[in-house]
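Scope of the values below: all heavy atoms of this structure, side chains included, with no hydrogens, waters or symmetry mates. First listed ligand is number 1; within each ligand, the first listed atom is number 1.
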Amino acid sequence: MDMIDPFGRSISYLRVSVTDRCDFRCTYCMAEDMAFLPKKDLLSLEELDRLCTVFVEKGVKKLRLTGGEPLVRKNVMHLIRQLSRHIDSGALEELTLTTNGSQLSRFAQELADCGVKRINVSLDTLDPDKFHAITRWGHLAKVMEGIDAAQAAGLHIKINAVALKDFNDTEIPEILRWANGRGMDLTVIETMPMGEIDADRTDQYLPLSLLRANLERQFTLTDIPFKTGGPARYVDVAETGGKLGFITPMTHNFCESCNRVRLTCTGTLYMCLGQEDAADLRAPLRASEGNELLSNAIDEAIGRKPKGHDFIIDRRTNRPSVSRHMSVTGG
Ligand code: SAM
């Protein structure tokens, strides 16, 4: 039953964007006046559950809910509670989510009760004014409350920071000390050319090879084989006793070990974050009550998974590599 793509990669990780809407407008992610997917096209929570369940039956072991902001989807906890049955049965090894943290203080305990053990919280700066500037609409204090609540509920947190030139490059050491000091790993991410934004990505793009070289002036970084099922490559940080991950889609693509596909809230399956090709799963989902059509459509889509992405950020290529924003597929 396992899903194996044409390059022999086993697909065991599904990311689901449960909504493309968000209560932040991070400048590198979205334009301020974003056009969102029409609400009428959205899959219901029951449909999302059915789709995820078919993927679990087809060998998915790790399920990550993302967005947009997953915790702003109405009644999302109902979906998470439903999905937790696959954790209880042992079919699913991990149910997790990526969040901006704004709603975590409300939901942390319930997430822990549903068998969620680890979450990723996106946070690009510890300065309240810079935080408000980069997110346009967010408040750092609220996110900090959410992180406190999540840790109090026993959730393990990984902090994700997009490395942005002249914004947080000099602050990464402080973020690293803060995160590791609170028992959280930190992952830094290269900005990817996805969707039109109001800024020029060339001005924001910071190759992580440069960042790493700068960090090595202050920290002793040792490569380690640690993996969480995602694309980050980790180092141990001697001075903090914690871990730092690098996600480098631009300077070192990690497609050879890709085990993921991405589902949108309207039932479109993207086989690669950096390519336009997609498969519609909503029609086969709605065409019959049984799952055979859906299962066949998934197999057909996995059979088209491309070898990799080809993101480019430079002044000559002044266009996004893919037209959709990260909020559609959730990163
Ligand atoms: N709202 C949730 C959050 O903030 O984590 C989940 C969705 S958000 C799109 C997922 C991650 O993608 C965040 O860490 C965000 O910083 C990152 N992201 C958004 N646009 C990006 C881009 N163009 N390049 C790299 N990372 C990006």
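The residue Met194 has no part lying near ligand 1, judged by heavy-atom distances below 4.0 Å. Contacts between Thr99 and ligand 1 below 4.0 angstrom, taking non-hydrogen atoms only, involve the backbone exclusively. Here Thr191 has heavy atoms under 4.0 Å from ligand 1 in both its backbone and its side chain. With a 4.0 Å heavy-atom cut-off, ligand 1 is reached by no atom of Phe24. Of the heavy atoms in Asn100, both backbone and side-chain atoms come closer than 4.0 Å to ligand 1.
A donor-acceptor pair shorter than 3.5 Å cannot be found between the side chains of Lys62 and Thr96. For the residue pair Gln109 / Asp113, a side-chain donor-acceptor distance below 3.5 Å is found, with atom types taken as modelled. Side-chain atoms of Ser122 and Asn160 include no donor-acceptor pair closer than 3.5 Å.
The protein non-hydrogen atom at the shortest distance from atom 17 (C) of ligand 1 is Val162 CG2, 4.1 Å. Residue, atom and distance of the protein heavy atom nearest to atom 8 (S) of ligand 1 are Gly67 O, 4.3 Å. Summary of contacts: the protein heavy atom closest to atom 21 (C) of ligand 1 is Met326 CE, 3.6 Å. At the top of the distance list for atom 15 (C) of ligand 1, counting protein heavy atoms only, stands Tyr28 OH, 3.9 Å. From the protein, the heavy atom lying nearest to atom 23 (N) of ligand 1 is Met192 O, 2.8 Å. Atom 10 (C) of ligand 1 has as its closest protein heavy atom Gly330 O, 3.6 Å. When only non-hydrogen protein atoms are considered, atom 6 (C) of ligand 1 lies nearest to Gly68 O, 3.2 Å.
The closest heavy-atom contact to atom 5 (O) of ligand 1, among the options Ser122, Pro249, Ser327, comes from Ser122.
The side chain to side chain contact (heavy atoms under 4.5 Å, CB included) test applied to Glu190 returns Tyr205, Pro207, Leu208, Thr248, Pro249, Met250, Thr251, not counting sequence neighbours.
Taking the charged nitrogens against the carboxylate oxygens, Asp314 and Arg201 have no contact shorter than 4.0 Å, which rules out a salt bridge.
Interface atoms of ligand 1 facing Cys29, defined by a heavy-atom separation under 4.0 Å, are 19 (C), 20 (N). Close approach of ligand 1 to Arg201 is summarised as follows: ligand atoms under 4.0 Å from at least one heavy atom of the residue are 23 (N). Atoms of ligand 1 found under 4.0 Å from any heavy atom of Glu190 (numbered from 1 in listed order, with element): 25 (C).
The closest side-chain heavy-atom distance from Arg73 to Leu48 is below 4.5 Å. Side-chain contact between Leu51 and Leu281 is present, with heavy atoms from C-beta onward closer than 4.5 Å.
The closest approach between any non-hydrogen atom of Cys26 and ligand 1 is not below 4.0 Å.
A donor-acceptor pair under 3.5 Å is absent between the side-chain atoms of Glu196 and the main chain of Ala31, judged by distance alone. Counting only distance, with no hydrogens or angles, the side chain of Ser84 and the backbone of Arg81 share a donor-acceptor pair below 3.5 Å.
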Stepwise, does the side chain to side chain donor-acceptor pair (under 3.5 Å) test hold for Gln218 with Arg177?
CA-CA 11 Å; Gln218 301 181 44; Arg177 282 193 198 91; 2.9 Å; yes
